[in-house]
Amino acid sequence: MKINPTFSQLTPSYLFAEIANRVAAYKKANPGKKVISLGIGDVTRPLIKPAVDALIKASGEMGTAEGFRGYGPEQGYEFLRAALVKYYAGRGVTLATDEVFISDGAKSDLGNFLDIFPRGITALIPDPVYPAYVDGNIMSGNKIVYMDATPENGFLPMPEDVEGRADVIYLCSPNNPTGAAYTFEQLAVWVDYALKTGALIIYDAAYERFIQDEDCPHTVFSVPGARGCAVEICSFSKMAGFTGLRCGWTVVPHELQANSVNAAWLRRQCVKFNGVPYIVQRAAEAALTPEGLAAADKNIEYYRINARVIGAALDSMGIRYYGGKNSPYIWMQCGMPSWEYFDKLLNNAQIVGTPGAGFGKNGEGFFRLTAFGGAGNTVEAAQRLLKLK
Ligand code: MLT
């Protein structure tokens, strides 16, 4: 049996799997060394109490005849979709519950959404970028047109940077890996462009809870017209520490092709997805209560302090960096090929980061550090960085 030939265009391993392999090899060869990971953007704070309580309560229900649930609705339980509609209402955005689809995380839907389009469409993707967009489009046999994200455009490419027409446009704000965030004004230009060209914006808002600047929207649907040209993919992972629980959501407005996109996505999900566990959806619902959001925001503040610790170390080393304000990612200039810097940091300071080249050609010469580490480890990593100078 032959493998889909598009797989031959993929890099041999997924970026974060490659890093994990290299780190595992280093640890095996250096068993006494304490390695600090500021690589993959995985959270480290314990799960917030309202979510834990909800998990326990829901698990208890599952052990009773009255409370037991089997397969849930493919689109997600109504209670969680209603809680998300309320969350968006708090941002001034009106949604219907059947426009919200519960997922097992943003990464899945960012690739899976392509299932509803023909193979071979053109995807416009920023460079550097979260590698799952690129790999997902390669697997689907799509044509990729890159738009350059560079210090010159603040890592926020605009339609004027684009040549040709695309069917789908991936935007991620706040951006992974650069930490840059689009303003309302900039997103309005993208919405206008998508409406004019008939393209669909696939908007990744996984880091929205980190936004601090008031002129940067938390959701694309704050921009007038976006309901006619965008889907939004988001996650409880970074917002409420659900990387190990798995829960996210996708908003598919009815306006898109007179509801055909929403209907096609529901049809796709019914065939290929059996929903997120009931207990996890109850935990997600709890994360959206006032107590849940307050607890989640406390963790976000904890990570923001980490970002400042890393930023201060880089400042005192005279290293130029971006991000870290509206995002948990710090995008630093590393002054050498980024995989070389990866090796230097791992071998000489036992710090794991992510080489910019792993995010695209424009990532070369940059390196990504995350603020998701433990506070003690982050301080120690900053001290090690300073010694490395
Ligand atoms: C990252 O490090 O870029 C992300 O944590 C990966 C992910 O969310 O899948």
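Just so it is clear, the structure is predicted and the values come from calculations on it, not from any experiment. Computed over heavy atoms, backbone and side chain alike; hydrogens, waters and symmetry mates excluded. Numbering of ligands and ligand atoms starts at 1, following listing order.
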Atom 8 (O) of ligand 1: nearest protein contact (heavy atom, Å)
K238 NZ, 2.9 Å
Got the closest protein heavy atom to atom 9 (O) of ligand 1, with its distance?
Y130 OH, 2.5 Å
Would you say V252 and E232 make side-chain contact, with heavy atoms under 4.5 Å?
no
Indicate yes or no: at least one non-hydrogen side-chain atom of Y26 is less than 4.5 angstrom from one of K33.
yes
Hey, do the aromatic rings of F366 and W331 have their centres closer than 6.0 Å?
yes
Proximity of W265 and F113 rings by center, below 6.0 Å:
yes
Report, in ascending order of atom number, the atoms of ligand 1 lying under 4.0 Å from any heavy atom of [X].
X	result
I40	2 (O), 5 (O)
F16	1 (C), 2 (O), 3 (O)
R368	1 (C), 2 (O), 3 (O)
Y329	1 (C), 2 (O), 3 (O), 4 (C), 5 (O)
N176	1 (C), 3 (O)

Which label fits Y77 and F79: parallel for a plane angle under 30°, tilted from 30 to 60°, or perpendicular past 60°?
parallel
Is the backbone of G356 close enough, under 3.5 Å, to the side chain of E364 for a donor and an acceptor to pair up by distance?
no
Using a 4.0 Å heavy-atom cut-off, which part of T243 comes near ligand 1: side chain, backbone, both, or neither?
neither
Measure F372 to ligand 1 on non-hydrogen atoms and call it side chain, backbone, both or neither using the 4.0 Å cut-off.
neither
Is the closest N or O pair between D42 and ligand 1 shorter than 3.5 Å?
no
E185 atom CD, neighbour heavy-atom count above 12 within 6.0 Å:
no
